[in-house]
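Read through the structure below, which is laid out as structure tokens, and then see the notes.
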Amino acid sequence: MCGIIGISSNKSVSANIINSLKKLEYRGYDSAGIATLSDGEIIEVKSEGRVDNLENNFDLKNLKGNIGIGHVRWATHGIPNQINAHPHSSHNVSVVHNGIIENSTILKKHLINNGHKFKSQTDTEVIVHLITENLKTLELEYAITKTLKQLHGSFALGIVFKDIPDLIVGARRGSPLAVGYGPNENYLGSDSYALKAMTNKITYLEDGEFCFVKKDQVLFFNEAGKKVNKKILKLSSDEASYDKGDFKHFMAKEIEEQPTTIKTGIKEYIDSVNKDVNIFNFPWNIDEIKSITLIGCGTAYHSCLMAKYWFEELTNLDVSVDIASEFRYRKNRFKKDTLYIFVSQSGETADTYAALNLCNKNKMKTCSVVNVIESSISRESNFVLPIHCGPEIGVASTKAFLGQILVLYILSLKIGFLRNEIDRVEYKQKIKDLKTLPGLIEKTLQHDNDIQAISSTFNDAKGSMFLGRGFSYPIALEGALKLKELSYVHAEGYPAGEMKHGPLALIEEGMPVVVLAPRDNYYKKTISNMQEVIARGAKVLLITSKSKDEVVSENIWETIEVENTNEDLFPFLLTIPLQKLAYYSALKKGYDIDKPRNLAKSVTVE
Ligand code: F6R
């Protein structure tokens with residue numbers, strides 16, 4: 001959840017470290033810091049807040065050193081301030097860390113008893129002093145192996161040593177870490193994104209491994225300290241996606257990119273000539289599967305919930321959905337005939353990754369729906385379905401959500417068809433309808449000025465509710481999540497039929513309530529629930545689909561109509577106005593849309 005960069009070179013590294021830290025800010029942005037080695041000394045600079053602050057506070061252009069490590073932090077132990085910012089250093093070692101050291105309190109006590117002095121409230125500082133202590137009696141490799149064994153929890157580490165002028169040590173357990181190769185220099189990064197401007201040659205460390213990165217050599221070791229050989233992967237170049245272009249924010253760009261997201265997904269997974277789904281070579285016999293469990297966090301969890309409705313509609317499988325942080329610690333009854341599907345944009349979310357590991361350990365059938373194909377979740381699943389939507393930089397997930405639900409919808413169609421659980425004609429028709437989706441999304445994106453105007457009402461209210469039934473319920477949850485994470489107003493997603501069992505008590509005069517009621521099987525029921533909230537004073541924004549029949553209800557505050565389509569596809573269209581609502585609310589408040597407070601894009605801590 002924090003970002004790490006390390007560079008060992010034959011020239012000054014500070015400029016490239018700063019550039020990489022700016023790229024890594026999506027992983028954390030409450031403080032930033034750099035340590036370089038120059039003239040046998042560790043030089044450490046760090047600041048609270050963004051990398052810009054660090055640049056304003058220090059003359060980084062003149063920061064000397066041909067080797068250095070940098071870090072952007074998302075606080076876990078200790079408040080976000082300059083003292084707790086990484087790197088943390090002793091007289092001879094400096095460390096950057098992503099993850100959580102679970103036994104830090106015990107280790108700290110022990111180190112203090114041995115005379116070590118601590119400056120910060122972080123768990124990371126324990127690692128610095130452990131290495132310093134172990135180096136008193138052991139050679140470097142042994143000191144590292146011993147230190148890693150003493151640590152419980154998760155980590156990706158970058159370490160430099162005052163007395164070893166060209167070496168960065170990297171180590172991984174639970175949190176991702178990559179090595180990159182350049183001309184006369186080599187790199188360490190918490191993901192390939194940070195390294196892409198410098199190289200497209202990457203090696204990923206596996207759990208338990210550590211590495212020695214020098215400007216002209218990289219060595220890898222396993223947990224026991226034995227040297228291992230590893231492959232170098234070549235990454236594709238998609239630099240254009242890392243640029244905001246004419247947009248004010250990545251989020252605005254990513255919302256507008258969604259017709260392309262869907263077009264690409266369709267191109268990858270649909271055979272338009274034969275009207276078939278191009279997903280073959282399942283590593284299991286689909287007929288033997290009796291149930292599906294979908295697992296994810298946050299927005300990806302909402303994609304899982306969405307998929308449950310489609311899988312239940314299009315197959316006869318039992319479907320359950322789980323939040324990864326719950327699944328990983330519950331007593332699960334693993335069943336051989338269950339297919340476990342993991343959904344994650346980053347492919348690195350710690351809880352989702354741990355849930356996958358648990359299933360792999362129990363020899364379950366695992367499939368992942370990911371955006372980052374080089375990610376840990378992707379590499380460790382039996383079967384991978386990439387969403388192909390390109391880098392998503394805005395912290396709030398938008399195009400990845402649409403990409404995830406598209407792939408899950410297509411998968412449910414294919415599985416239903418292979419198992420003869422949906423009719424051939426219906427299957428072909430649904431595939432044909434899918435081809436219209438990019439155009440329908442383009443039309444929905446044209447709702448812009450109306451949503452901008454509406455958004456102020458949500459900002460001025462104490463709270464708001466998002467209601468839907470059936471296929472629209474997961475979208476209501478997603479709409480509420482988007483609004484709360486971006487504009488920091490309380491928003492609650494609810495099944496519309498559940499309001500009378502408690503939440504109706506929250507409705508008061510003027511409270512904004514979004515009702516999602518496309519003309520599907522649930523329409524009439526949802527409209528009745530809408531009338532119940534209007535009767536109690538709610539200001540209802542109705543999002544429905546175009547129809548020749550008028551909506552039979554009075555006192556609706558505002559209505560937005562999306563295009564009419566096959567009812568499976570409404571969720572895609574309903575999502576767009578909700579993303580825009582959240583975007584414009586945050587824009588009016590002047591909030592940092594691409595980096596909302598307290599959040600990070602890649603959540604690699606549990
Ligand atoms: C919300 C959001 C998060 C992520 C969640 C899982 O807009 O982006 O809720 O969906 O942190 O992340 P991934 O999909 O990378 O596993």
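When reading the values below, keep in mind they use all heavy atoms of this one structure, side chains included, and skip hydrogens, waters and symmetry mates.
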message: With a 6.0 Å cut-off (strictly less than), is the heavy-atom count around NZ of Lys435, excluding the residue itself, greater than 12?
response: no
- prompt: So, do Leu541 and Ile560 sit near enough that their side-chain heavy atoms are less than 4.5 Å apart?
  reply: yes
query: Do Gln258 and Gln579 have side-chain N/O donor and acceptor atoms under 3.5 Å apart?
result: yes
- request: Compute both the distance and the angle, then confirm whether Arg379 meets the cation-pi test with Tyr204: under 6.0 Å from the six-membered ring centre, within 45 degrees of the axis.
  value: yes
message: Does atom NZ (Lys500) have a neighbourhood of more than 12 heavy atoms from anything else shown, all under 6.0 Å?
response: yes
Could you go through residues 278-286 and list every donor-acceptor pair under 3.5 Å that involves a side-chain atom there, pairing it with any protein atom two or more places apart or in another chain?
unit_1	atom_1	unit_2	atom_2	d
Asn285	OD1	Asp287	N	3.0

message: If we ignore hydrogens and angles and just use 3.5 Å, is the side chain of Asp423 paired with the main-chain N or O of Val425 as donor and acceptor?
response: yes
message: Between Lys546 and Glu563 (side chain of the first, backbone of the second, donor and acceptor by atom type, cut-off under 3.5 Å), is there such a pair?
response: no
- prompt: Just by distance, do the side chain of Ser528 and the backbone of Lys524 share a donor-acceptor pair under 3.5 Å?
  reply: yes
message: If only side-chain N and O atoms count, and only distance matters, is there a donor-acceptor pair under 3.5 Å linking Asn274 with Asp271?
response: yes
- request: Would you please test Tyr427 and Lys414 for side-chain contact (heavy atoms from CB on, under 4.5 Å) and show each step?
  value: CA-CA 8 Å; Tyr427 176 67; Lys414 181 74 177 189; 3.8 Å; yes
field: Basic-acidic side-chain contact under 4.0 Å: Lys430, Asp568
entry: yes
field: Modelled atom types, side-chain donor and acceptor of Asn360 and Thr366, under 3.5 Å
entry: yes
Considering only distance and modelled atom types, tabulate donor-acceptor pairs under 3.5 Å from the side chains of residues 474-492, sequence neighbours left out.
unit_1	atom_1	unit_2	atom_2	d
Glu478	OE1	Thr299	OG1	3.0
Glu478	OE1	His302	ND1	2.9
Glu478	OE2	Thr299	OG1	3.2
Glu478	OE2	Lys482	NZ	2.6
Lys482	NZ	Thr299	OG1	3.1
Lys482	NZ	Ser397	O	2.7
Lys484	NZ	Ala491	O	3.0
Ser487	OG	Leu483	O	2.8
Tyr488	OH	Arg597	N	2.8
His490	NE2	Glu492	OE1	3.2

Salt bridge (charged side-chain N to carboxylate O under 4.0 Å, His left out) between Arg330 and Asp322, worked out: CA-CA 10 Å; Arg330 267 212 328 271; Asp322 238 303; 2.7 Å; yes
task: With sequence neighbours left out, write down each residue that passes salt bridge (Lys or Arg N to Asp or Glu O under 4.0 Å) with Glu348, or none if nothing qualifies.
output: none
message: For a 4.5 angstrom cut-off between non-hydrogen side-chain atoms, does Pro503 reach Met465?
response: yes
